[in-house]
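First the structure, in the form of structure tokens, and then the observations on it.
We use all heavy atoms of the structure for the numbers below, so side chains are in, but hydrogens, waters and symmetry mates are not.
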Amino acid sequence: MSHIRRPSTASRRRVPVAVLTALGLVLTGCQANPGDAPTVEDQAPATDIEDGAGDADDTDQGDSSVAPELRRIEIGVDSVPADLNPHLVSTQSMLTSTVAELTLPSAYRRGPNGLRHDINNDLLDSVEIDGGDEDAPEKVVYVINSRAQWSDGTPIVGSDFEYLHQQITTQPGVTSTDLYDSVDEISTSAGGRRVTVTFDSPTAQWRELFANLLPSHIYRGENRPFSTMMSDIPAASGGVYTVRQYDAGRGTLLLERNARFWGQIPPRTDQLEFSTVNDTDTAAQMLRTGQIQAVTTRNSGVAAESIRTVPGVQARTTTLRRQLTLQLNTASTRLDAPDARAEVLAAVDADRVARLVTGHPRATAPQDDLVADVAGPTTGEQGTALAGVSRKRPLQIGADTLDEEAVEAARRVVDTLVDKGIPATVVTPSATELYADLLPRGEVDAVVSWQDDARRWTDLRSRYACDEADRPLSGTSGGDAVDTDAGAGESGAATSGATGDTDSTDSTDGTDGTDGADGADGAGDTGDTGSTADATAERARAANVTGICDDTVDALLADEPEGGSLEAVPEELRARIGELHLSLPLVADRVLVGAGPDLVGPDQDLSEWPIGPRSGPFYTADRWTRMDTDTEPDTESDTESDTTTTPSAEETDDE
């Protein structure tokens with residue numbers, strides 16, 4: 001196998017991105033409030049939609065007599081995410097990915113396999129390789145379509161490319177860190193329409209860059225914090241839809257056709273409304289009465305049968321390439337050694353956690369095929385490696401307070417640890433506190449969060465390579481963090497019984513001062529992390545959630561296979577990551593999809609619909625339409641139900 005040799009992560013240059021002065025002169029207005037930004041001159045788009053005509057006819061449908069209710073597709077979901085920023089580790093979800101793909105522009109389009117292959121001709125006129133070859137270029141020039149614009153009329157320009165790169169390489173809790181770190185320089189010309197990107201070395205996965213761009217003239221112009229700026233209605237859209245209503249608390253999200261979309265293929269339906277449906281029985285009734293046209297749920301047990309037996313409704317189950325994972329914190333003074341981490345992971349019954357979180361009696365935890373299963377130490381009594389853990393100082397298992405499934409999984413992890421005699425409690429701070437404060441300071445010992453499967457070599461580097469980016473910690477002091485954390489810990493631990501609650505309360509007094517002393521004395525005891533162990537000590541966390549910084553892993557990750565494929569991950573790398581005992585997959589993201597008889601998708605048979613690895617069945621949502629079932633022959637609907645709702649072998653196993 002031929003390889004592309006990359007410099008080690010530790011030696012890779014990290015310099016500020018240079019943006020030509022000319023950009024600042026031409027686009028000064030773009031950095032101000034949206035009202036002062038330059039706008040693209042109104043041009044008749046392919047659909048002849050007038051500005052503001054959010055309910056304009058779709059030329060794909062071409063029938064102005066379509067009833068208003070048929071221009072709106074309503075979809076039931078388990079929950080609406082609390083944040084729509086697709087670039088944060090803590091916000092990874094099917095609906096977040098869907099909204100991003102439908103409202104935010106990307107240089108390349110994502111294919112059904114999850115990778116980006118085809119140029120987005122709506123956004124870009126062309127892409128030129130200015131150095132190296134197409135498979136692994138050293139310099140790429142993007143030429144932006146002159147009609148490309150945000151929904152407030154502001155042109156999409158090079159500053160939007162630069163802004164996303166800047167945030168990914170400096171902010172805590174972000175994804176795709178290694179890929180953006182490979183960018184050495186970004187410069188613009190032609191009024192911001194020509195963007196030249198220079199890499200620090202040939203980069204195979206360059207098409208994955210600049211996906212889900214953000215309107216920098218608003219977010220940077222108003223200095224909005226990256227970690228929370230999309231917890232409300234996003235500022236602007238550059239896709240086929242725009243977010244018209246968004247209330248996570250009430251469980252509603254409404255996407256409406258973007259009247260300023262300039263592309264050749266508009267969405268086929270004016271509105272997509274996602275709303276929370278509390279249980280499977282309610283979902284079945286709403287499908288039965290036509291109140292919703294589709295439903296997605298992680299509820300298992302008899303959910304599939306309940307949905308499938310509604311007349312005219314098709315159902316299928318599918319597993320997305322994402323999983324809830326327990327990730328151990330290498331900055332924790334109790335878990336800074338592989339033996340201690342191995343003991344914790346061995347004590348967790350992941351299959352039990354999967355059954356309890358999903359409610360499915362036969363659920364099992366997923367396996368990480370890229371990491372070798374390396375057994376922990378077999379000598380000594382149980383608990384030897386965890387000598388620093390006690391009832392007064394239990395392990396702190398963190399989860400984002402807004403992620404209900406992660407919090408429940410964390411509670412179940414604590415239950416299994418306590419059952420094995422390892423004191424532990426749950427803490428539920430905000431995602432910002434977790435990644436910018438508690439994890440890097442070692443004040444939580446582990447975190448439960450969603451994690452996408454690795455698809456590319458850069459995903460492995462983002463997850464396991466030493467992250468030397470300058471990601472500042474939050475201003476919270478260690479003492480303040482523990483006070484905040486303790487309150488969440490008491491609340492979370494209460495569900496695990498009196499023991500967990502008592503441990504949480506007792507640990508508040510002893511954890512901060514004692515751990516601080518241990519941290520000072522034991523800083524040199526992290527033998528597993530190599531000579532670069534201190535490189536991430538004062539930096540916030542991002543995609544490398546565990547904070548691992550290991551010379552052997554870095555050296556192996558630097559030797560990238562041609563094309564960045566994961567088809568043949570070296571056994572030496574798999575074994576080394578396994579020896580470090582960093583994480584444990586807990587729950588697969590398995591989704592039940594139901595489609596009513598009035599929903600028209602890419603195929604009459606729901607089982608033939610393309611499923612995106614991140615957006616699931618919503619991969620083709622912009623092509624969905626709704627029909628009036630009263631005008632359709634009943635026999636056709638009944639026939640489809642009989643032939644397409646029979647569960648496959650895979651679905652039968654999951655029920």
* Structure fact -> Residue set satisfying salt bridge (charged side-chain N to carboxylate O under 4.0 Å, His left out) with Arg116, at least two apart, ordered chain then number -> Glu101
* Asked: Which word best sums up how the rings of Tyr180 and Phe210 line up, parallel for under 30°, tilted for 30 to 60°, or perpendicular for over 60°?
  -> perpendicular
* Check: Val240 and Arg257 side chains under 4.5 Å, non-hydrogen atoms -> no
* Asked: Does one side chain, of Ser106 or Asn120, offer a donor that lies under 3.5 Å from an acceptor on the other?
  -> no
* Structure fact -> Sorted by chain and number, sequence neighbours left out, salt bridge (charged side-chain N to carboxylate O under 4.0 Å, His left out) with Asp598 holds for Arg626
* Asked: What residues, two or more places apart in sequence or in another chain, satisfy side-chain contact (heavy atoms from CB on, under 4.5 Å) together with Asn145?
  -> Asp125, Arg147, Ala148, Trp262
* For Phe274, enumerate each residue passing the ring pair (Phe, Tyr, Trp, His ring centres under 6.0 Å) test, keeping only those at least two apart in sequence or located in another chain. => Phe618
* Please check if atom CD in Gln285 has more than 12 non-hydrogen atoms from other residues, nucleotides or ligands closer than 6.0 Å. => yes
* Applying ring pair (Phe, Tyr, Trp, His ring centres under 6.0 Å), which residue pairs with at least one partner in residues 82-108 are found, sequence neighbours left out? -> Tyr108-Trp206
* When you check the gap from the basic side-chain N to the acidic O, do Asp452 and Arg322 get nearer than 4.0 Å? -> yes
* **Minimum heavy-atom distance Ile156-Gly238, with the two atoms named** => CD1-CA, 4.5 Å
* Audit row: Arg72, Glu74, side chain to side chain contact (heavy atoms under 4.5 Å, CB included) steps and yes/no -> CA-CA 6 Å; Arg72 182 187 186 108; Glu74 303 192 44; 4.1 Å; yes
* To do: Only counting residues at least two apart or in another chain, list the ones meeting side-chain contact (heavy atoms from CB on, under 4.5 Å) with Ala406.
  => Leu324, Ala399, Asp403, Val448
* To do: May I ask you to check whether Gln205 and Arg456 show a side-chain donor-acceptor distance below 3.5 Å?
  => no
* **Partners meeting salt bridge (charged side-chain N to carboxylate O under 4.0 Å, His left out) with Arg288 (sequence neighbours left out)** => none
* To do: Go through the structure and list residues passing ring pair (Phe, Tyr, Trp, His ring centres under 6.0 Å) with Tyr163, not counting sequence neighbours.
  => none
* Any side-chain donor paired with an acceptor under 3.5 Å for Arg590 and Thr317? -> yes
* Structure fact -> Contacts of Leu356 meeting side-chain contact (heavy atoms from CB on, under 4.5 Å) (sequence neighbours excluded), chain-then-number -> Arg352, Arg412
* To do: State which residues pass side-chain contact (heavy atoms from CB on, under 4.5 Å) with Asp247; sequence neighbours excluded, sorted by chain then number.
  => Arg250, Thr252
* Asked: Which residues pass the salt bridge (charged side-chain N to carboxylate O under 4.0 Å, His left out) test with Asp400, sequence neighbours left out?
  -> none
* Please name all residues satisfying side-chain hydrogen bond (donor to acceptor under 3.5 Å, both in side chains) with Gln245, sequence neighbours left out, ordered by chain then number. => none
